[in-house]
Number of protein chains: 2
Amino acid sequence: MSSAPHVAIVGATGAVGREFLKVLHQRQFAMSGLRLLASSRSAGKSIELGDKSYTVERLTENSFKGVDLALFGTDGPISKRYAPIASEDGCTVVDNSSAFRMTDGVPLIIPEVNAEAIKGFAPGRGGIIANPNCSTIIMLVPVTPLHRAAVVQRIVVSTYQAASGAGAVAMDELEQQTREVLEGRPPTCNVFSQQYAFNLFSHDSQVGADGYNAEESKMAHETEKIWSNPDVRITATCVRVPVLRAHAESINLQFEKPLGDDEARRILGEAPGVSIIDDRENNRFPTPLDVSGRDDVYVGRIRNDRSRNGTADGGLDLFVCGDQLRKGAALNAVQIAELIV
Amino acid sequence: MSSAPHVAIVGATGAVGREFLKVLHQRQFAMSGLRLLASSRSAGKSIELGDKSYTVERLTENSFKGVDLALFGTDGPISKRYAPIASEDGCTVVDNSSAFRMTDGVPLIIPEVNAEAIKGFAPGRGGIIANPNCSTIIMLVPVTPLHRAAVVQRIVVSTYQAASGAGAVAMDELEQQTREVLEGRPPTCNVFSQQYAFNLFSHDSQVGADGYNAEESKMAHETEKIWSNPDVRITATCVRVPVLRAHAESINLQFEKPLGDDEARRILGEAPGVSIIDDRENNRFPTPLDVSGRDDVYVGRIRNDRSRNGTADGGLDLFVCGDQLRKGAALNAVQIAELIV
């Protein structure tokens, strides 16, 4: 490998793929070459990055020859098929899908949280690194520093998730449906089975025998893996709301040691990747719009849990917002790439 | 008083006031007369109810002479001023505002939950009965039967609240803003201080010194009063989402005695005012649109809390939706009126 890696973006025309490009450019990620790969439907399209223009190529089993580092913005089945092929060809993969997250030997990385788990990986060596689920990342960036201070025992989290988590087509569907509803026409439902405009619904991932949907189970199991802590107890309720590209989460925390809101605010104020908007007087706290296009996870509503005041371990409530496409996906993956370069 | 009461609706042209009219008509509430009262701005307007037409009169201190029962759909300051005057004139008041909810001697009633607390009230006798906060009602209709079975110790609730809770003007603002944003114009913010279209934000009620906003404190304190139980521990996070008229709530419950999800489903299936939509296979659970215009509170996502499995007291997660204007306001008030007639 030359000093700068040859990079490929897989799924380059999707919502996450496009954000990969933006983030690489904004962070001036050093590359000796860049290939944009996508399905045959998108092959031949041209995409600009800075002053360069790239032609999207069709993803095939031969796409990874000579590529040192691939960022996969594809869904599970595509990642499952092509990431091992890339790795076999010596291309190191950072995969945004859920395909390998729980696989032994595949590090599941949030750079601010568990960078140490990535040891031994480098561009050109092959291997797969997994990018966690967007809701997991957005929760753990602010919760981990509190966990380090007081040991989180239990998390009750309810999410307010944007359309972008289901891709560009879902964002388009939300806009189209909204226009239709405002014009008194029936909403077109292709991506989702029910009306999204001016509505919300339980996350559309499959519901398991325990009653949790896949998104909720990911938040629990990925946290256990990222924290190397099978004892943390998590219950999540994941909900899609008619917002375009940033997720919000209402998070209730119980700790092993007492941790008050002043101390939490101090810790979060120093935490990497975290910004605070917590203006009680003016009722200004993070919103999805505030954080759209931003890198940090924003935290507010930091308060002592009144239902646990007076109990030995106390508790905290938080409200957090993070851009699903940036820290929830593309930015985190590029930060992983930066770690191994 | 004649056999049927003479009724007044105060704030008749607001979102709740208009719903009072609809609900009285739909439930064929027997009345010997009906006055519609509102501010001078709306006086003179005419409103139809079935085959009758009513002219809106200006609310004054003399409006309640000869009126047996008044339904107040006004905000706190108006209720605070006029409800005591009405009561003084022998008019029994059911007030939807927060003005009297925590006042000693004022029953705070959800008919399915604590009808017994209303004893002694009747039309024409004066007195004030308070309608609880919409989020409190929508939570307690399904949670109370579970509480009766297993004793709720702690509730962690996150809300997804519709525009209607801030009145018809807020519903109009959400629609207007959405049109503006879709047309690429800046959104008009009059009712709320920040963009509502394709966004969400922490509930706009005042935030107290403990970091909870007024809506969240209401959910806690009203529950304590309605259940006559100062020991129940509640932490709420209240959030406005861009939905028009039905609230959703993600509710996590801890109990004194074990209560599994099968038993919870059985109890909820028999509970008055509760309907269940809990189709895991097809991922169909209650949504705000499902319940708009409906009387019941709808419950789904009934599942054992995996963060408490194995603990002695277990725990449950629920997702509920209720029409904010009906069971959250007008319907509950009319049901109170039916109780005392």
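None of the values given here were measured: they were computed from a predicted structure.
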| Are A/Tyr212 and B/Asp305 side-chain neighbours, meaning at least one heavy-atom pair lies under 4.5 Å? | yes
| task | Name the option with the most non-hydrogen atom pairs under 4.5 Å to chain A; the candidates are B/Ala209, B/Ser193, B/Gly211. | result | B/Gly211
| query | Given that the side chain runs from C-beta out, which part of A/Asn282 has a heavy atom under 4.5 Å from chain B: side chain, backbone, both or neither? | reply | neither
| task | Please state whether the side chain, the backbone, both or neither of B/Arg306 comes within less than 4.5 Å of a heavy atom of chain A. | result | both
| Which region of B/Asp317, side chain (C-beta onward) or backbone (N, CA, C, O), has a non-hydrogen atom less than 4.5 Å from a non-hydrogen atom of chain A, or is it both or neither? | side chain
| query | Which distance, rounded to the nearest 0.5 Å, do you find between the OG of A/Ser202 and the CZ of B/Arg284? | reply | 10.5 Å
| remark: Under 4.5 Å to a heavy atom of chain B? For A/Ser217 that would be neither
| said: Heavy-atom pairs under 4.5 Å with chain A - which of B/Asn304, B/Val239, B/Asp204, B/Leu244 has more of them than the others? | reply: B/Val239
| said: For B/Ser205, which atoms come within 4.5 Å of any heavy atom of chain A: side chain, backbone, both, or neither? | reply: backbone
| query | If you count heavy-atom pairs under 4.5 Å with chain B, which of A/Arg233, A/Gln195, A/Glu175, A/Arg245 comes out on top? | reply | A/Arg233
| Top of B/Asp278, B/Val241, B/Thr178 for chain A proximity - count of heavy-atom pairs under 4.5 angstrom | B/Thr178
| task | Please check if the side chain of A/Arg301 supplies one atom and the backbone of B/Thr237 the other of a donor-acceptor pair under 3.5 Å. | result | no
| Under a 4.5 Å heavy-atom cutoff, which of A/Val232, A/Ile302, A/Leu200, A/Val157 has the most pairs with chain B? | A/Leu200
| query | Top residue by heavy-atom pair count (under 4.5 Å) with chain B, among A/Leu182, A/Asp261, A/Val156, A/Ile155? | reply | A/Leu182
| message | At a heavy-atom distance under 4.5 Å, which candidate from A/Asn199, A/Val181, A/Val243, A/Leu174 has the highest pair count against chain B? | response | A/Asn199
| Is B/Ser158 close to A/Tyr160 at the side-chain level, that is, under 4.5 Å between some pair of heavy atoms? | yes
| query | With sequence neighbours left out, which residue pairs that include part of residues 173-205 of chain A fulfil the ring-ring contact (aromatic ring centres under 6.0 Å, His included) condition? | reply | A/Phe192-A/Tyr196, A/Phe192-A/Phe201, A/Tyr196-A/Phe201
| Contacting region of B/Arg154 [heavy-atom separation from chain A under 4.5 Å] | side chain
| Region of A/Asn252 that comes under 4.5 Å of a non-hydrogen atom in chain B | side chain
| Quick one: what part of B/Ala246 sits under 4.5 Å from any heavy atom of chain A, side chain, backbone, both or neither? | neither
| Where on A/Ala162 is there a heavy atom nearer than 4.5 Å to chain B: the side chain, the backbone, both, or neither? | neither
| field | Where B/Asp210 and A/Arg280 come nearest, the two heavy atoms and their spacing | value | C-NH1, 4.0 Å
| request: Find the one option among A/Gln194, A/Gln206, A/Glu281 whose heavy-atom pairs under 4.5 Å with chain B are most numerous. | output: A/Gln194
